[in-house]
Protein chains: 2
Amino acid sequence: MATAGDWIDRLPDVALERSSTVERVADMLRGHIIDGALAPGTRLSEERISRKFRVSRNTLREAFRLLGHERLLVHEFNRGVSVAKPDADDVADLFRFRRALELAALRGAADAPPGAVAAVQEAVSSGEAARERGDWWGIGTANMHFHRAVGALLGSPRADETMRQLLAELRLVFHVMAAPRDFHAPYLDRNREISGLLAAGRHGAAADALAVYFDDAERQLLDAFTALGTG
Amino acid sequence: MATAGDWIDRLPDVALERSSTVERVADMLRGHIIDGALAPGTRLSEERISRKFRVSRNTLREAFRLLGHERLLVHEFNRGVSVAKPDADDVADLFRFRRALELAALRGAADAPPGAVAAVQEAVSSGEAARERGDWWGIGTANMHFHRAVGALLGSPRADETMRQLLAELRLVFHVMAAPRDFHAPYLDRNREISGLLAAGRHGAAADALAVYFDDAERQLLDAFTALGTG
DNA sequence: GATTGAAGTATTGTTCCACAATCCAACGAC
DNA sequence: GTCGTTGGATTGTGGAACAATACTTCAATC
């Protein structure tokens with residue numbers, strides 16, 4: 001009879017994660033920010049929020065630090081925190097960063113971890129399904145998943161985390177815009193095209209297509225910003 | 001006579017930054033970690049450190065959150081924080097991420113912000129100066145500056161911050177190794193070569209040279225790790 | 001009328017303390 | 001040697017307190 005070690009050794013040694021209050025608070029706030037329930041620029045009072053969530057100011061402040069590091073909150077000394085309010089420079093920065101990461105991911109997709117390409121295709125399909133349902137918010141979410149899946153082609157957990165942050169910030173950008181509802185829909189077909197090129201092993205062509213995508217999307221966002229600035 | 005507004009408008013509107021206790025504590029800890037004064041794996045007691053630094057546990061914990069988000073500290077629930085101890089997987093991850101960023105930066109160097117190429121060359125020179133002096137630690141620092149300067153070719157503050165974090169983690173990797181003293185020196189000549197190609201506008205060639213650099217450096221680090229594992 | 005000064009108020013930054021929850025090491029029972 | 005149990009140490013969280021700073025208001029001045 002084999003020893004118990006054989007069986008135990010096959011188990012994935014992941015530490016089962018319990019959640020601290022700080023992380024739950026951070027998750028909740030992050031969700032509200034990404035959903036748009038907290039408008040960019042909103043000041044967050046330690047007093048009131050800690051009372052609302054029934055947590056101590058200490059705990060809340062630790063959560064604020066986390067979200068500040070993710071750039072979803074901005075922390076001004078002696079003035080507290082407020083929801084980040086990205087401007088045109090931020091949009092340009094985000095796209096520069098995304099270009100570097102996602103294009104590199106597509107170009108090097110030959111070394112992608114197993115299942116990563118399939119994940120990209122699933123994200124595309126889920127976006128199309130959302131379009132069928134007329135679920136505009138779902139389209140946006142699926143689009144985010146698409147780009148996260150593209151970034152995941154790099155096979156780097158750290159890059160994944162960075163992508164997650166960048167896309168969360170991008171959601172903030174959409175909330176600054178006037179009409180984010182039907183922003184993503186036109187890009188669904190492009191996602192399908194890129195996904196197809198990727199699956200066909202035409203990595204360079206996929207990257208080129210995504211580059212054009214980025215140019216158009218960035219211009220569209222920047223136009224929306226200048227429209228806001230002058231309006 | 002012109003109004004005072006003319007003169008004021010010309011001033012750069014940077015908010016003069018005051019430092020909070022949390023940030024000073026975080027800076028200090030970060031410095032100790034990067035310098036190697038705090039060995040990877042070291043447990044950090046809230047009690048003792050807060051007494052040592054004469055700050056409250058709350059303030060210290062906020063600093064811990066920051067450094068945890070930078071992956072310099074690992075936070076285990078109910079077990080406190082300890083200095084991160086990168087393993088071979090982390091090294092592979094760091095290099096995957098760096099490859100994506102730095103190679104993209106070199107390939108797209110045509111769009112680099114003004115002065116960015118010069119900064120790369122300065123970093124190389126400062127490394128060579130450190131070699132003249134026999135300043136081994138200085139060589140390592142200059143090498144970090146070189147790679148940060150390469151990343152800065154992207155012209156993205158967010159990417160800069162990410163590069164800073166990745167390189168800080170990499171310093172941790174060196175501390176896990178046995179003899180980090182003369183690790184960097186052999187790469188000085190490569191930096192010079194890459195810098196030269198970059199300045200000559202041969203961006204693709206520069207990126208190719210850096211790719212080989214990465215392959216060699218990663219292999220060397222991974223070998224050092226497996227040597228540790230078996231020894 | 002606009003700007004400056006000087007209150008007073010509200011909020012944040014930081015410290016300190018208390019206590020429950022959890023971990024960890026030691027010890028002993030089987 | 002494995003399994004409870006016990007007790008001490010550390011972390012997680014809450015809460016109060018106070019100093020430091022920002023914001024508001026209003027009067028005084030030019």
Side-chain angles (χ1 to χ4, degrees), chain A residues 1-9 13-29 38 41-69 72-85, chain B residues 1-9 13-29 38 41-69 72-85:
Chain A
M1 174 184 171
T3 65
D6 291 337
W7 180 77
I8 294 176
D9 288 344
D13 53 344
V14 285
L16 54 94
E17 52 203 56
R18 288 157 304 176
S19 61
S20 70
T21 304
V22 172
E23 281 167 37
R24 279 196 303 273
V25 170
D27 286 344
M28 171 147 292
L29 284 173
L38 288 170
T42 308
R43 281 277 292 276
L44 302 184
S45 158
E46 296 184 353
E47 244 282 318
R48 294 176 53 187
I49 295 183
S50 66
R51 257 211 323 270
K52 195 64 162 180
F53 287 176
R54 311 290 182 85
V55 298
S56 76
R57 274 181 64 208
N58 296 326
T59 300
L60 183 62
R61 285 173 60 93
E62 286 187 35
F64 280 173
R65 292 282 176 191
L66 284 182
L67 297 174
H69 208 275
L72 294 182
L73 296 180
V74 290
H75 188 156
E76 290 171 297
F77 194 71
N78 274 321
R79 248 174 288 184
V81 301
S82 50
V83 179
K85 194 174 186 173
Chain B
M1 174 182 172
T3 66
D6 292 339
W7 179 77
I8 293 176
D9 288 344
D13 53 345
V14 286
L16 54 93
E17 53 202 54
R18 289 157 303 178
S19 61
S20 71
T21 305
V22 171
E23 281 167 36
R24 281 197 302 274
V25 170
D27 287 345
M28 170 147 293
L29 284 174
L38 288 169
T42 307
R43 280 278 291 275
L44 303 184
S45 159
E46 297 184 354
E47 243 284 311
R48 294 176 53 188
I49 295 183
S50 65
R51 260 213 318 273
K52 195 63 159 181
F53 287 176
R54 311 290 182 85
V55 298
S56 76
R57 271 181 66 208
N58 295 327
T59 299
L60 182 62
R61 284 173 60 93
E62 286 187 35
F64 280 174
R65 291 283 178 189
L66 284 182
L67 297 174
H69 208 276
L72 294 182
L73 296 180
V74 290
H75 188 157
E76 291 171 295
F77 194 71
N78 274 319
R79 247 175 290 185
V81 301
S82 50
V83 179
K85 195 174 186 174

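Quantities reported herein were computed from a predicted structural model and do not represent experimental measurements. Chain naming here is simple, since letters A, B, ... match the order of the sequence lines and numbering starts at 1 in each. Hydrogens, waters and symmetry mates play no part in the numbers below; they use all other heavy atoms, side chains included.
Taking only side-chain nitrogens and oxygens, B:T59 never comes nearer than 4.0 Å to OP1 or OP2 of C:dG13. Taking side-chain N and O atoms only, A:H75 has no distance below 4.0 Å to OP1 or OP2 of C:dT12. The side chain of B:T21 places an N or O atom within less than 4.0 Å of a non-bridging phosphate oxygen (OP1 or OP2) of C:dT14.
Heavy-atom distances to DNA chain D give each of A:V55 and A:R79 a nearest nucleotide, and the one nearer the 5′ end belongs to A:V55. Comparing B:S20 and B:R43 by the nucleotide of DNA chain C that holds the closest heavy atom to each, the one mapping nearer the 5' end is B:S20.
Within the nucleic acid shown, B:R54 comes within 4.0 Å of sugar-phosphate atoms alone, with no base atom in reach, counting heavy atoms only. Among the heavy atoms of the strands lying under 4.0 Å from B:L44 are primed sugar atoms or P, OP1, OP2 only; no base atom is included.
Here A:R48 pairs with A:S45, A:R51 under the side-chain contact (heavy atoms from CB on, under 4.5 Å) rule; sequence neighbours left out. Applying the side-chain hydrogen bond (donor to acceptor under 3.5 Å, both in side chains) test to A:T21 and every residue at least two apart in sequence or in another chain returns A:R24.
The CZ atom of B:R24 sits 9 Å away from the P atom of C:dT15 (whole-angstrom rounding). As a whole-Å value, the separation of B:N58 CG from C:dT12 P is 16 Å. Note: CZ (B:R61) to P (C:dT15) measures 15 Å, nearest angstrom. Separating the CD atom of B:E23 from the C1' atom of C:dT14 is a distance of 14 Å, rounded to the nearest angstrom. Here C:dT14 presents its C1' atom at 16 Å from CZ of A:F64, a figure rounded to the nearest Å.
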Show me the donor-acceptor pairs within less than 3.5 Å that the side chains of residues 58-68 of chain A make with the rest of the protein, sequence neighbours left out.
| unit_1 | atom_1 | unit_2 | atom_2 | d |
| --- | --- | --- | --- | --- |
| A:N58 | OD1 | B:N58 | ND2 | 3.4 |
| A:T59 | OG1 | A:S56 | OG | 3.3 |
| A:R61 | NE | B:E62 | OE2 | 2.9 |
| A:R61 | NH1 | A:E46 | OE2 | 2.8 |
| A:E62 | OE1 | B:R65 | NE | 2.7 |
| A:E62 | OE1 | B:R65 | NH2 | 3.0 |
| A:E62 | OE2 | B:R61 | NE | 2.9 |
| A:R65 | NE | B:E62 | OE1 | 2.7 |
| A:R65 | NH2 | B:E62 | OE1 | 3.0 |

Would you list the atom pairs, donor with acceptor, under 3.5 Å between side chains in residues 74-85 of chain A and any protein atom, with sequence neighbours excluded?
none

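In the set C:dT12, C:dC23, C:dT15, the nucleotide with an atom closest to the side chain of A:E46 is C:dT12.
Note that the first and last nucleotides of DNA chain D, 5' to 3', having any atom under 4.0 angstrom from a heavy atom of chain B are D:dT11 to D:dA22.
The distance from atom CG of A:L29 to atom CG of A:L38, rounded to the nearest 0.5 Å, is 7.0 Å.
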Would you tabulate the nitrogen or oxygen pairs shorter than 3.5 Å linking the protein to nucleotides 19-22 of chain C?
| unit_1 | atom_1 | unit_2 | atom_2 | d |
| --- | --- | --- | --- | --- |
| C:dT22 | O3' | B:N78 | ND2 | 3.4 |

